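So the structure is just underneath, and the comments pick up after that.
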Amino acid sequence: MSAPTRLAALSLVARQEIALAVRSRWTAIFAGVFALLAVGVAASGYVLSGGSGFEDFARTSVSLVQLVVLVVPLAALVMGVLAVAPERGTAELLFSQPIGRGVVLLGQLAGLFVALSAAELIGFGAAGLVVFLNAGEEGAGAYFLLVLGAVLLTAVFLAIAALVGAGAVGRKRTRALALALVVWFAATVLVDVAALGVATLLRSTAASRLLVASVVVNPASAIRVGSLLAVQGTAAFGAASLALLRLTGGPVGAALLLCASVLAWIVLPIAAAVYRLRRIDL
Amino acid sequence: MIRFDAFGKRYGRQRAVSRVDLAVTRGEVVALLGPNGSGKSTCLKAAAGLVRPSDGRVEIGEPLRSAALPEARRGVSFLPQKVAFPEALTGREVVEFYRRLRGAARGRTEAALGLAALEGAADRPVGTYSGGMVQRLGLAVVALADAPILLLDEPTSSLDRAGLAAAHALADRGRSEGRAVLFSTHQLADVERLADRVAVLVDGALVGNLDRAELAERLARRGVLRLRVARAPAALPAELERLAPGAELHGEEIVVIGPAAVRAAALEAVRASGAELRGLSSEEGRLDLLYDELVGAAGRSGTEVRA
């Protein structure tokens, strides 16, 4: 039997990562949280307006966007860092094998991406079934686009986790986890709040540019705006999103710019992580 | 097979290893000895491609190639000092994963688990293993590939008798099958049992590099003969000093340190003198004392100690 090809080695590492994720209670908790969130939002959507009954898919999707943008990056960052930066003895044994460090990293990310995406699909799928049985199929497309946004968020934040974790392989794992939490807080809360705060101090044009930059540069905001655009058009947009539409000339230009941002946030951190990992002494 | 050529390693401003020249050939088992922090693990990791040299080169295989190349590592099996595995996987899944990663034949999984005496625990999650069992699982992974180069970082620490037997069998098999084996240890019994050559590192520098014959010769030179005598004639101390310079007389006890021939001559002189011999013990030089001597001398002089 000969040594496996790079692709076969990547596939082996990915499958092991999937097996580990399947046995991790955190993956099950992650899927359960999504199911409960989706069902909870759908079931309580009319409560504030004094009504009762389940919201349809479209309204549920809009309500869920903010929660998805908070929860998915957190799960991807934490599980990504833990996978990419294993214990020293595990890392030393794995990286002494006759496969490149980049192959190991890509395999880990691919496996974790599949596992987390599957957890999201199971969680949202179970909730979707409950919504379908109670409110019908109207707006199911929007719900599907929301799930797609969650999957994209997973890919982006796993890539960022790779960059954070690559510097901590075999050491400083706790520090890497702490850094991951800082990244999560910055991406989901701090950047938006800071951009809005600074924008109030600027003139209109400069403020618009700053708000647009905050959306394009921050992957969480990019996917949130992209999801809202896909789910409900521009109706649910805030100041930054409207500024983005003005600057790009409409929804198509905005969507392209957001896609480019998301793609860059997947490719560049992984490339930087591979570069970093190759230069680390274990 | 394994060659360190003026290998040096710095971590920031901290120098871990300085200009180490060492070669391990086919069928040779070499022990790396040295105090904690002397650079043993750094040397092993450099040969496993985990650490990049700051100076010099570390090459492995035939023909020799940089240890950093994944292709070169195809011929290497490395056991880290504190090997660890994902706790959710079973022992068999771990071994099977590495078997497939190394492209080893299917039957190797069972053979490797058998060598590590883990057949009975192979289907339990690694999280339920003791420290010694995890170490044995590491040995099973190392045994999988039949790699021509074995690098073992303190392979016998925390092992029970079954684990020790597995580690010794791995090294013995490596020698008999013509592999190059480099292992670090603090267990001098492992050195006596396994090593064809001993390399001693102190503060990152190689201070001793002795093959089995040199080691035996240096140990023999440090043999100790103790005699208990009565009614020793007055001329005996002078005769002993002539035959065995440095022989010590403390009342009825005579202590002679030196090679076997010197000790035999001293014994003969005592007998010939007419003194009454009341007791006798003789032992070869002890490896731990030789090791202490090498480490101590290196610490005092900061230079290499040679036979």
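The sequence lines fix the lettering, A, B, ..., with proteins before strands; numbering per chain opens at 1. Note that the coordinates shown come from a computational prediction; the quantities given were computed from them, not determined experimentally.
- Without hydrogens or angle criteria, B:Arg52 side chain to A:Arg279 main chain gives a donor-acceptor distance under 3.5 Å.
- Heavy-atom distances place the backbone of B:Lys82, and not its side chain, under 4.5 Å from chain A.
- Neither the backbone nor the side chain of B:Val142 comes within contact range of chain A; no heavy atom of the residue lies under 4.5 Å from a heavy atom of that chain.
- Using a cut-off of 4.0 Å between Lys/Arg side-chain N and Asp/Glu carboxylate O, B:Glu87 and A:Arg23 are scored as not salt-bridged.
- A distance of 6.0 Å separates CZ of A:Arg101 from CG of B:Leu50, quoted to the nearest 0.5 Å.
- Across A:Leu94, A:Thr90, A:Leu93, a single residue satisfies side-chain contact (heavy atoms from CB on, under 4.5 Å) together with B:Pro80, and that is A:Leu93.
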Test log, rule side-chain contact (heavy atoms from CB on, under 4.5 Å), inputs A:Ile99 and B:Arg74 | CA-CA 8 Å; A:Ile99 53 172; B:Arg74 203 158 282 169; over 6 Å; no
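- The side-chain heavy atoms of B:Val83 and A:Glu92, taken from C-beta on, include no pair separated by under 4.5 Å.
- For the set B:Leu69, B:Val76, B:Leu151, B:Leu89, the entry with the most heavy-atom pairs within less than 4.5 Å of chain A is B:Leu89.
- Distance check: A:Phe95 CZ to B:Arg73 CZ gives 9.5 Å after rounding to the nearest 0.5 Å.
- Contacts between A:Val13 and chain B at a heavy-atom distance below 4.5 Å involve backbone atoms as well as side-chain atoms.
- Of the listed residues (A:Gly100, A:Pro98, A:Gly89, A:Ala8), the greatest number of heavy-atom pairs within a distance under 4.5 Å of chain B belongs to A:Pro98.
- The two atoms that bring B:Pro86 and A:Gln16 nearest to each other are CG-NE2, 4.2 Å, heavy atoms only.
- Classification of A:Asp281 and B:Lys9 as a salt-bridged pair holds, one side-chain N sitting under 4.0 Å from a carboxylate O.
- Shown here is B:Arg124, whose CZ atom has more than 12 heavy atoms of other residues, nucleotides or ligands within 6.0 Å.
- For B:Tyr11, the OH atom is densely surrounded, since the number of other residues' heavy atoms within 6.0 Å is greater than 12.
- Atom CG of A:Leu7 has 12 or fewer heavy atoms from other residues, nucleotides or ligands within 6.0 Å.
- Proximity of a side-chain donor or acceptor of A:Ser96 to a complementary backbone N or O of B:Ala48 within less than 3.5 Å is not detected.
- Under the side chain to side chain donor-acceptor pair (under 3.5 Å) criterion, B:His186 pairs with B:Asn36, B:Glu154, sequence neighbours left out.
- Counting heavy atoms from C-beta on, the side chains of B:Phe97 and A:Leu12 come closer than 4.5 Å.
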